[in-house]
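This is a predicted model, so every value here is computed, not measured. All values below were derived from every heavy atom in this structure, side-chain atoms included, with hydrogens, water molecules and symmetry-related copies excluded.
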There are 2 protein chains.
Amino acid sequence: MTTRTRRRADAERSIARIVAAARELLGRDPAATIDEIAAAAGVGRMTLYGHFPNRAELVEAALADALADGERTLSAVDLTGDPGAALDRLLASSWSLVAESSSLLAAAQEVLPPGRVRQLHGAPAARLEELIRRGQDRDAFRTDLPIGWLVGAVHYLLKGAAEEQRAGRLDAAEVPRIVTASVRSLLTPPG
Amino acid sequence: MTTRTRRRADAERSIARIVAAARELLGRDPAATIDEIAAAAGVGRMTLYGHFPNRAELVEAALADALADGERTLSAVDLTGDPGAALDRLLASSWSLVAESSSLLAAAQEVLPPGRVRQLHGAPAARLEELIRRGQDRDAFRTDLPIGWLVGAVHYLLKGAAEEQRAGRLDAAEVPRIVTASVRSLLTPPG
DNA sequence: GCTAACTCGTATATTCCCGTACGAGCTAAA
DNA sequence: TTTAGCTCGTACGGGAATATACGAGTTAGC
């Protein structure tokens, strides 16, 4: 947070606009160009390069920003009480986050060193994993499948729902119900 | 099938090798280069261009070939009897097909006009959809979610499992069990 | 064995995007 | 008001990939 030489206010503003634009464009198209991002941010390309030395650092900054936002939202979710209900609340908050930055993740995967994305993405995954564990302890969630897979599967379903919605095959209004119902089935003990 | 001017046998052979190489490379990396594909096929790049005018047509040919192969495999699956058991059989056969060409699908999405992939992909989707419908009629599968979503969700789970396996987070030997268990939960009526 | 079809190398044009260099002009902050 | 930081245009160089042009050599099929 504290840099050696202090940064001017207009620079902060530019950086914020660039990161916001990057999140928006990369969230839709993982192949979005630096040119396009700069244009969408309303700054010249050179200004962008003044703050981010290359594409990778820009993508990482955008991802980190999106994840920080997510953390802020998700940490406010009440995960106590009945695990099923807690799961519903978590999904209700997670859904739009995933929808907005699913392809941002893909962009990061291409540009960042292997494992880096997973590392940055650790917090939300850990939150879900812990909730699942707690549900398992209370026999509310299944235990016959690896927990890593369960966490991953939830993510794949969320990403899939985002894709379906973007393609117009799913109405945004019904997505939350569909997602929660699907995930609950996935986590419920069989039989 | 019948072309205006007859094709020579060596040309047929080249095409077959190119398509096979394209399936293999694009199945692993959607960004595989024409150069790489030609090299893997053991032909010169110019030979490749002699048969496929551009990247899009090559990708489409590879996808079509993979789907034709899949059709041959899947049409042999017995879908009669108990829907749950039939689903297991279908998944057991589908799994490796999806795993082998999941990124081929991604490559096609990038290059082909929107909707084209879905159109080519219609047959396997229709097969699954019909099975789900039959299961719904017998109260074996849920009816509280749109059937289009159910079909899509199964696909997303399969793709996700393929990704997990490729990343080494899932053992290939246990994937079939995990996939079938997950999908069955997803399709089973809640409550 | 003749011919058309096929193979395939080299060279080249094009396009797209990334990243750098230089420099003029503007603006925030002490 | 001074100065260091910031903005941003234009121009350039480089790499990677697609696609075309030309042409010489090889092979299948009648």
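The CD-C1' distance, from B/Glu12 to D/dT27, rounds to 15 Å in whole Å. Between the CG atom of B/Asn54 and the P atom of C/dT15 there is a distance of 16 Å, given to the nearest Å. Whole-Å rounding puts the A/Ile18 CD1 to D/dT7 C1' distance at 11 Å. In this structure, the CG atom of B/Leu48 is 14 Å from the C1' atom of D/dT20, given to the nearest Å. To the nearest angstrom, C1' of D/dC8 lies 15 Å from CD1 of A/Ile34. If you measure from atom CZ of B/Arg13 to atom P of D/dA28, you get 7 Å, rounded to the nearest angstrom. Taking atom OH of A/Tyr49 as the reference point, atom P of D/dG9 lies 15 Å away to the nearest angstrom. Atom CD1 of B/Ile37 is separated from atom P of D/dA17 by 12 Å (rounded to the nearest Å).
Note on B/His51: every side-chain N or O is 4.0 Å or more away from OP1 and OP2 of C/dC6.
Nearest nucleotide to the side chain of B/Arg55, out of D/dA19, D/dC6, C/dT7: D/dA19. Out of C/dC6, D/dC6, C/dG19, the shortest distance to the side chain of A/Arg7 is found at D/dC6. Which of D/dT18, D/dA19, C/dA28 sits closest to the side chain of B/Asp35 comes down to D/dT18.
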Please list, one pair per line, the donor and acceptor atoms closer than 3.5 Å that link side chains of residues 28-36 of chain B to other protein atoms, with sequence neighbours excluded.
from    : atom 1 : to      : atom 2 : distance (Å)
B/Arg28 : NH2    : B/Glu24 : OE2    : 3.2
B/Asp29 : OD1    : B/Ala31 : N      : 2.9
B/Asp35 : OD2    : B/Arg45 : NH1    : 3.4
B/Glu36 : OE1    : B/Thr33 : N      : 2.9

Which pairs of donor and acceptor atoms, one on a side chain in residues 102-115 of chain B, lie under 3.5 Å apart (sequence neighbours left out)?
from     : atom 1 : to       : atom 2 : distance (Å)
B/Ser102 : OG     : B/Arg166 : NH2    : 3.3
B/Ser103 : OG     : B/Leu26  : O      : 3.3
B/Ser103 : OG     : B/Gly27  : O      : 2.3

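Using the six-membered ring where Trp is involved, B/Tyr156 and B/Trp149 have ring planes that are tilted, between 30° and 60° apart.
In this structure, A/Thr188 and B/Thr188 have side chains that are not in contact, with every pair of non-hydrogen atoms separated by 4.5 Å or more. Looking at B/Leu67 and B/Glu71, their side chains never come closer than 4.5 Å, going by heavy atoms from C-beta outward. A 4.5 Å side-chain heavy-atom check between A/Thr180 and A/Leu87 finds every atom pair outside the cut-off. A/Pro189 has its side chain out of reach of A/Gln136: every pair of non-hydrogen atoms, C-beta onward, lies at least 4.5 Å apart.
Two residues, B/Pro53 and A/Ile15, neighbour DNA chain D, and the one matched to the more 5' nucleotide by heavy-atom proximity is A/Ile15.
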Every protein N/O lying under 3.5 Å from an N/O of nucleotides 24-26 of chain D:
none

Nucleotide by nucleotide, nucleotides 8-14 of chain C touches protein heavy atoms under 4.0 Å in the pattern (B base, S sugar-phosphate only, - none) BBBB---

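Axis angle across the helix from C/dG1-D/dC30 to C/dA30-D/dT1, with five pairs used at each end and values rounded to 10°: 30°.
Among A/Thr47, A/Ile37, A/Leu58, A/Val59, the one residue that satisfies the side-chain contact (heavy atoms from CB on, under 4.5 Å) test with A/Phe52 is A/Leu58.
Between B/Glu12 and B/Arg8 there is no salt bridge, since none of the side-chain N atoms of the basic residue sits less than 4.0 Å from a carboxylate O of the acidic one.
For A/Asp171, the side chain to side chain contact (heavy atoms under 4.5 Å, CB included) partners are A/Ala173, A/Glu174, not counting sequence neighbours.
In this structure a side-chain-to-backbone donor-acceptor pair under 3.5 Å is present from A/Asn54 to A/Glu57.
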Open item on the list: For a side chain to side chain donor-acceptor pair (under 3.5 Å) check, start with the C-alpha distance between A/Arg142 and B/Ser185, then their side-chain angles and the critical distance, and finish with the verdict.
Closed with: CA-CA 10 Å; A/Arg142 78 194 311 165; B/Ser185 297; 2.8 Å; yes

